[in-house]
Amino acid sequence: MKIKALNGFKDIVPGEVELWQKVEATARDIFARFNFNEIRMPILEKTELFARSIGEATDIVEKEMYTFADKQITMRPEATASLLRAYIQHGLHVQKPIQRLFTIGPMFRHERPQKGRLRQFHQLDVEVLGTPNPRVDAELMAMGAMILEELGITVSLEMNSLGCPICRPVFREALLNFIDDRKDALCEDCARRSKTNPLRVLDCKNPTCRKQVEEAPSIQEHLCSECDEHFNAVQGGLTQLNVQYSLNKFMVRGLDYYTRTTFEFITKDLGAQAAVGAGGRYDGLVAKLGGPKVPGIGFAMGLERIILLLQQQEESADNTQIDIFVAGLGEKASELAFPLAHKLRGEGLFTAMDHEARSLKSQMKQANKVNARYVLIIGDNELEKGTAVLRNMESQEQQEIAITSLSTELLSIILPHSTGGNPAQTHDN
Ligand code: HAM
């Protein structure tokens with residue numbers, strides 16, 4: 001029996017690896033432009049590191065970690081905790097008061113594998129340690145947006161503030177009261193975690209829970225004055241940098257370490273795995289892990305999700321439509337078709353033709369392959385009658401057009417609805 005890779009673990013083979021290299025090179029180039037330095041950490045860490053940072057009551061720590069040696073050792077499920085451990089261990093704050101660090105590598109979570117969700121996946125991770133400045137929050141989001149934009153990926157940026165240890169407990173209390181009245185209508189997971197981690201109820205994907213929390217209190221309205229000021233300043237920064245964003249009061253993130261700003265880059269094109277990247281501020285975390293009292297902020301992007309989006313785009317580029325395929329059958333008809341195709345292209349139609357005067361069947365196949373909306377058939381019979389046949393490939397309807405007015409007729413039928421979709425007018429064989 002052949003041995004295959006484990007479920008949720010993937011090879012990256014030649015042909016695909018080039019796309020990974022392109023994405024990594026683009027990200028590295030932009031990290032350098034934003035003055036980030038690379039750091040690399042080991043894959044195994046003490047389990048306690050993740051329990052203390054990500055949080056005992058999170059899905060990741062509760063059920064998704066690959067642990068060994070009596071659960072004392074864990075394969076990192078994310079990069080932030082390891083990076084902070086290394087930052088503290090090597091006293092990097094002493095070398096530079098503000099560290100801007102990035103790392104790229106594999107992470108491990110025992111999740112149910114799906115499109116865009118793996119058990120070994122890769123993150124581009126960045127962290128800025130040592131500054132509470134809201135400009136850095138805006139700058140990081142702008143950098144994330146720049147990476148995706150340069151790769152040609154369209155996302156929307158959603159942002160929220162989760163407040164701080166002063167204002168969040170007040171909000172938590174208001175939310176608990178709200179949830180308490182609706183407890184019975186919540187899904188099993190939410191009913192269980194409503195006490196330990198009530199904020200997670202806000203971003204539950206279950207439609208019933210969503211409905212229940214529609215009117216839930218908003219954390220944005222419970223921020224203390226300092227957090228509110230920070231939140232406003234971040235938004236001001238994003239506006240200055242011309243970064244589009246929207247506020248999402250339901251975004252709470254699945255890791256417990258966040259304070260104030262949280263954000264996600266969301267795509268519509270990957271079904272349920274909508275987050276291409278996500279992050280936020282974690283001002284108390286370095287101290288909690290035994291380091292200096294410095295604030296921090298960062299984000300991570302999922303490389304597999306970026307690659308999937310690029311591959312989907314490549315496929316849909318192959319599928320772009322052309323307006324018309326001109327099928328000349330026989331030498332005489334091709335003689336007429338050749339300058340006609342050129343004229344149509346000159347007028348703006350996305351046009352393909354076959355120069356080999358192949359059979360009608362073969363030309364129809366080619367027309368299907370290039371997704372032609374119309375096929376113009378010019379054969380000996382048609383020539384004799386002084387007409388050509390235009391077939392609408394979608395409706396299969398056919399109409400005869402007089403040869404003498406071919407180009408004008410074709411343009412008036414097709415040009416108003418041109419696909420404008422295929423940049424390469426070179427489908428000729
Ligand atoms: P996260 O939201 O858990 O945050 O993951 C960040 C990104 O990693 C997600 O948006 C997604 O693109 C990708 N990702 C997560 N899980 C999987 C998976 N199973 N398969 C494929 N891709 C996945 C963090 O990990 C935080 N450490 C981010 C951060 C950095 N916050 C501050 N600094």
Side-chain angles (χ1 to χ4, degrees), residues 6-10 12 20 23 27 31 36 39 41 45 49-50 53-55 58-61 63-66 75-85 87 99-129 136-137 140-141 143-144 147-148 151 153 155-160 162 200 203 251-267 269-286 289 295-309:
L6 294 169
N7 195 14
F9 291 73
K10 246 181 101 259
I12 306 162
W20 284 73
V23 173
F31 292 154
F36 278 78
I39 180 167
M41 298 84 62
E45 297 276 0
L49 173 68
F50 303 115
S53 53
I54 300 172
T58 57
D59 283 352
I60 298 180
V61 173
K63 40 189 187 197
E64 293 170 3
M65 300 219 294
Y66 282 91
M75 290 170 80
R76 62 181 186 192
E78 56 119 44
T80 312
S82 310
L83 191 146
L84 264 51
R85 198 255 323 126
Y87 168 85
Q99 283 281 2
R100 296 159 75 88
L101 300 166
F102 80 88
T103 193
I104 304 177
M107 311 294 153
F108 303 83
R109 294 185 195 174
H110 195 269
E111 296 192 78
R112 199 148 40 85
Q114 277 184 9
K115 179 177 166 191
R117 191 162 81 196
L118 289 114
R119 291 180 170 170
Q120 175 177 337
F121 60 98
H122 298 74
Q123 284 185 341
L124 298 169
D125 182 274
V126 300
E127 314 289 347
V128 180
L129 296 156
V136 174
D137 305 35
L140 269 190
M141 284 183 255
M143 181 172 80
I147 293 174
L148 294 170
L151 289 169
I153 293 174
V155 287
S156 51
L157 170 62
E158 296 186 2
M159 187 185 45
N160 196 12
L162 291 183
R200 282 318 303 270
D203 79 342
M251 186 207 299
V252 296
R253 308 280 302 119
L255 305 94
D256 280 354
Y257 48 61
Y258 292 110
T259 52
R260 295 191 169 168
T261 314
T262 52
F263 55 95
E264 291 184 345
F265 293 100
I266 300 289
T267 172
D269 301 327
L270 286 181
Q273 314 314 316
V276 179
R281 192 164 265 292
Y282 43 82
D283 288 346
L285 185 57
V286 181
L289 293 175
I297 178 168
F299 71 81
M301 285 185 174
L303 271 167
E304 279 77 5
R305 296 191 187 169
I306 293 179
I307 300 289
L308 265 176
L309 288 169

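In each ligand, atom 1 is the first atom listed, and ligand 1 is the first ligand listed.
With a heavy-atom cut-off of 4.0 Å, F263 does not touch ligand 1 at all. Residue R253 touches ligand 1 through its side chain alone, judged by heavy-atom distances below 4.0 Å. Contact annotation for V276 and ligand 1: only backbone heavy atoms (N, CA, C, O) come within less than 4.0 Å of the ligand. Contacts with ligand 1 closer than 4.0 Å are made by no heavy atom of F265, backbone or side chain. Contacts between F121 and ligand 1 below 4.0 angstrom, taking non-hydrogen atoms only, involve the side chain exclusively. Under 4.0 angstrom from ligand 1, the non-hydrogen atoms of Q123 all belong to its side chain.
Judged by distance alone, with hydrogens and angles left aside, the side-chain atoms of R119 form a donor-acceptor pair with the main-chain N or O of E111 at under 3.5 Å. Checking side-chain atoms of Q120 against main-chain N and O of G8 turns up no donor-acceptor pair under 3.5 Å. A donor-acceptor pair under 3.5 Å links the side-chain atoms of N160 to the main chain of M251, judged by distance alone. A side-chain donor-acceptor contact under 3.5 Å links R109 to the backbone of P77. Judged purely by atom type and a 3.5 angstrom limit, T259 uses its side chain to pair as donor or acceptor with the backbone of D283. Looking at R117, its side chain does come within 3.5 Å of a backbone N or O of R112 through a donor-acceptor pair.
Taking any N or O of E304, backbone or side chain, none lies under 3.5 Å from an N or O belonging to ligand 1. Where the criterion is an N or O separation shorter than 3.5 Å, residue side chain and backbone included, G302 meets it with respect to ligand 1. Considering backbone and side-chain N/O of M301, none are found under 3.5 Å from N/O of ligand 1. Every N/O-N/O distance between Y282 and ligand 1 stays at or above 3.5 Å. The shortest N/O to N/O separation between D125 and ligand 1 does not fall below 3.5 Å. An N or O contact shorter than 3.5 Å is missing between I60 and ligand 1 by distance. Ligand 1 has a nitrogen or oxygen under 3.5 angstrom from a nitrogen or oxygen of E78.
Side-chain contact between L49 and L84 is absent, with no heavy-atom pair separated by less than 4.5 Å. Counting heavy atoms from C-beta outward, V126 and F299 have side chains that approach closer than 4.5 Å.
Between the side chains of Q123 and E78, no donor-acceptor pair of N or O atoms lies under 3.5 Å. Y257 and T80 are linked by a side-chain donor-acceptor pair at a separation below 3.5 angstrom, with hydrogens and angles left out of the test.
Not a single heavy atom of G254 sits under 4.0 Å from any atom of ligand 1. For the pair G116 and ligand 1, a heavy-atom separation below 4.0 Å is found.
Summarising the geometry of E127 relative to G298, their closest heavy-atom pair is OE1-CA, 3.3 Å, with the distance given to 0.1 Å. Between T103 and L83 the shortest heavy-atom distance is CG2-CD1, 4.3 Å. Considering all non-hydrogen atoms of both residues, G116 and R305 come closest at O-NE, 2.7 Å.
Within ligand 1, counting atoms from 1 as listed, the ones closer than 4.0 Å to a heavy atom of L255 are 3 (O), 4 (O). Taking every heavy atom of R117 and a limit of under 4.0 angstrom, the matching atoms of ligand 1 come to 19 (N), 20 (N). Every atom of ligand 1 is numbered from 1 in the order shown, and the set under 4.0 Å from a heavy atom of F299 is 29 (C), 30 (C), 32 (C), 33 (N). Close contacts between ligand 1 and Y258 involve ligand atoms 26 (C), 28 (C), 29 (C), 31 (N), 32 (C) [criterion: under 4.0 Å to a heavy atom]. Every atom of ligand 1 with a heavy atom of E127 under 4.0 Å away is listed here by number and element: 30 (C), 32 (C), 33 (N).
Comparing P77, G296, A275, G8 against atom 10 (O) of ligand 1, the shortest heavy-atom distance belongs to A275.
When only non-hydrogen protein atoms are considered, atom 7 (C) of ligand 1 lies nearest to A300 O, 3.6 Å. At the shortest separation from atom 19 (N) of ligand 1 among protein heavy atoms lies E111 OE2, 2.7 Å. Closest protein heavy atom to atom 20 (N) of ligand 1: L118 N, 3.0 Å. Protein heavy atom at the shortest distance from atom 32 (C) of ligand 1 is G298 O, 3.2 Å. Closest to atom 26 (C) of ligand 1, if we only count protein heavy atoms, is Y257 OH, 3.4 Å.
With F50 as the fixed residue, the side-chain contact (heavy atoms from CB on, under 4.5 Å) test singles out one of E45, M75, R85: E45.
In summary, the aromatic rings of F31 and F102 are positioned with their centroids under 6.0 Å apart.
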